[in-house]
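Below is one structure, written out as structure tokens; the observations come after it.
Proteins come first, then strands; the chains are lettered A, B, ... in the order of their sequence lines, and each starts at number 1.
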2 protein chains.
Amino acid sequence: MTLAARRVLEAAARLFYERGIHAVGVDLIAAEAGVTKKTLYDRFGSKEQIVVEYLADRDERWRAFLAQRLDTAQPTSAARVLAVFDASRAWSAKNSSKGCSMVNAHAEISDPSHPAYPIITGQKQWMLTLFTDLAGDITPDGAGHLSQTLMLLHEGALVAHGLNIFADPISHAREQAQTLLAAAENSAAKR
Amino acid sequence: MTLAARRVLEAAARLFYERGIHAVGVDLIAAEAGVTKKTLYDRFGSKEQIVVEYLADRDERWRAFLAQRLDTAQPTSAARVLAVFDASRAWSAKNSSKGCSMVNAHAEISDPSHPAYPIITGQKQWMLTLFTDLAGDITPDGAGHLSQTLMLLHEGALVAHGLNIFADPISHAREQAQTLLAAAENSAAKR
DNA sequence: GGCTCACTATACAGACCGGTATACTTTTGA
DNA sequence: TCAAAAGTATACCGGTCTGTATAGTGAGCC
């Protein structure tokens, strides 16, 4: 990726996230990136491709960020679940004040055959799988059930954060997750 | 509201929800409504006003739908909390297969001074207040805490439903809410 | 009958949309 | 050193965007 291409992607990412995908034109992206439209089209070919790379890049960054956080977390599965919420809180404070970019993109991309669609649904599926794997270590029988609850808390917290419904929803979700994990460990130990 | 205006609002509501607000032009709305642009502008004055009335109307319909469901629910607060989730499940099956229209609109409307902004945040605040009032009857000390958790489960379920993350997330949220309510009633009774 | 209101039909304005073409300059690496 | 790659600058394309203007039709109402 060339320097100009990187600047285009950075500008597009910021504008798409803050204003929405359809509300941002390629002329604006080029201007904000300090790049001509010629360069933009030489590198990306279409606006759609910029959208795809915006979401793919954001997905990749989030996974890398989360992986790093999980690596430094305590090695127990319960601690790692909580580390996901900690990572989301840190990530949201810096990059996601308007909520989840995948959810927001989904609001604008209706067609399931759009090339960005699998990126959006893929990230959510990946998160669910992550929760399911961790939950499986805690309560093998209730892994599906627990992971779905964690997913709802997590998604709900991101929405609540983006819409500013109440203060610090991600911490609240983390706390609730902690209660859930304790109960699951307790009931698994009894069995 | 005239007949033509109603047709415009119905067409706009469907198109805005399915394709996104910025992706739909007034020409298309007029064509789908079987109405000329002249009529459309005579009735609404601007596209922005159509957006505002679309969201306001949807908000009103949801509140009326929910109120009717709450009226026919068992009069206990716990049953009424669960009735909210039941209402959401029924509503989503019919009108909200792509998730919450307020959340989706928020993804496209960045400016807090946009006239549609207070409608979006207002509905979320109203829902939180509703949960808080009901939770207050169950556990006065923990009303804020419980209502926030219910809110996260509810919002998370709507997102999960819209993105099809897993099957029937609203029922899962309802079930989780039920567990929470039982625990809250139990701990309130002990005190 | 005459008046108003809601509506149709069509054309147009000016801006912006995504995308392309031509011509030229700068950077960079074998 | 020299050619390819990457970039700038600018003009343009057809189409669509929100919004307006002009002209006329039909129904209800006092």
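Atom NZ of B/K37 is separated from atom P of D/dT18 by 8 Å (rounded to the nearest Å). The CG atom of A/D42 sits 14 Å away from the P atom of C/dT22 (whole-angstrom rounding). Atom CZ in A/R6 sits about 16 Å away from atom C1' in D/dG7, given to the nearest Å. Here the P atom of nucleotide C/dG18 and the CG atom of A/L28 are 10 Å apart, to the nearest Å. Between the CD1 atom of A/I21 and the P atom of C/dG18 there is a distance of 12 Å, given to the nearest Å. Distance, A/L3 CG to C/dT27 C1': 11 Å, rounded to whole Å. The interatomic distance linking A/I29 (CD1) with C/dG19 (C1') rounds to 13 Å, in whole Å. Distance, B/F44 CZ to D/dG19 P: 13 Å, rounded to whole Å.
In this structure B/T72 satisfies the side-chain hydrogen bond (donor to acceptor under 3.5 Å, both in side chains) test with no other residue, sequence neighbours excluded.
Residue A/I170 shares its hydrophobic cluster (ILVMFWY side chains chained together at separations under 4.5 Å) with A/L158.
Note on residues 90-112 of chain B: pairs passing ring-ring contact (aromatic ring centres under 6.0 Å, His included), not counting sequence neighbours, are B/W62-B/W91, B/F65-B/W91, B/H106-B/Y117. Annotation: ring-ring contact (aromatic ring centres under 6.0 Å, His included) contacts involving residues 2-25 of chain B, sequence neighbours excluded, comprise B/F16-B/Y54.
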Nucleotides 22-26 of chain D: which of its N/O atoms have a protein N/O under 3.5 Å away?
none

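Contact of A/K47 with C/dG19 (side chain to base): no donor-acceptor pair of N or O atoms is detected under 3.5 Å.
Of the side-chain N and O atoms in A/T2, one or more sit less than 4.0 angstrom from OP1 or OP2 of D/dG7. OP1 or OP2 of C/dT8 has at least one side-chain nitrogen or oxygen of B/T39 nearer than 4.0 Å.
Of the candidate nucleotides D/dC17, C/dA9, D/dT8, C/dA9 has the atom lying nearest to any side-chain atom of B/T36. When the nucleotides C/dC7, C/dG19, D/dT18 are ranked by their closest atom to the side chain of B/V26, D/dT18 comes out on top. Distances were taken from every side-chain heavy atom of A/A4 (C-beta onward) to each of D/dG7, D/dC17, C/dT8; the shortest belongs to D/dG7. When the nucleotides D/dT8, C/dG18, C/dC7 are ranked by their closest atom to the side chain of A/R7, D/dT8 comes out on top.
A donor-acceptor pair is defined here as one N or O able to donate and one able to accept, closer than 3.5 Å; no such pair exists between the side chain of A/R174 and the backbone of A/F85. For the pair B/Q125 (side chain) and A/I165 (backbone), a donor-acceptor distance under 3.5 Å is present.
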May I have the list of side-chain donor-acceptor pairs in residues 147-156 of chain B shorter than 3.5 Å, sequence neighbours left out?
from: B/S147; atom 1: OG; to: B/T132; atom 2: OG1; distance (Å): 3.1
from: B/S147; atom 1: OG; to: B/A143; atom 2: O; distance (Å): 3.0
from: B/S147; atom 1: OG; to: B/G144; atom 2: O; distance (Å): 2.9
from: B/Q148; atom 1: OE1; to: A/H172; atom 2: ND1; distance (Å): 3.2
from: B/T149; atom 1: OG1; to: A/H172; atom 2: NE2; distance (Å): 2.7
from: B/T149; atom 1: OG1; to: A/Q176; atom 2: OE1; distance (Å): 3.2
from: B/T149; atom 1: OG1; to: B/H145; atom 2: O; distance (Å): 3.1
from: B/H154; atom 1: NE2; to: B/S88; atom 2: OG; distance (Å): 2.5
from: B/E155; atom 1: OE1; to: B/K124; atom 2: NZ; distance (Å): 3.1
from: B/E155; atom 1: OE2; to: B/K124; atom 2: NZ; distance (Å): 2.9

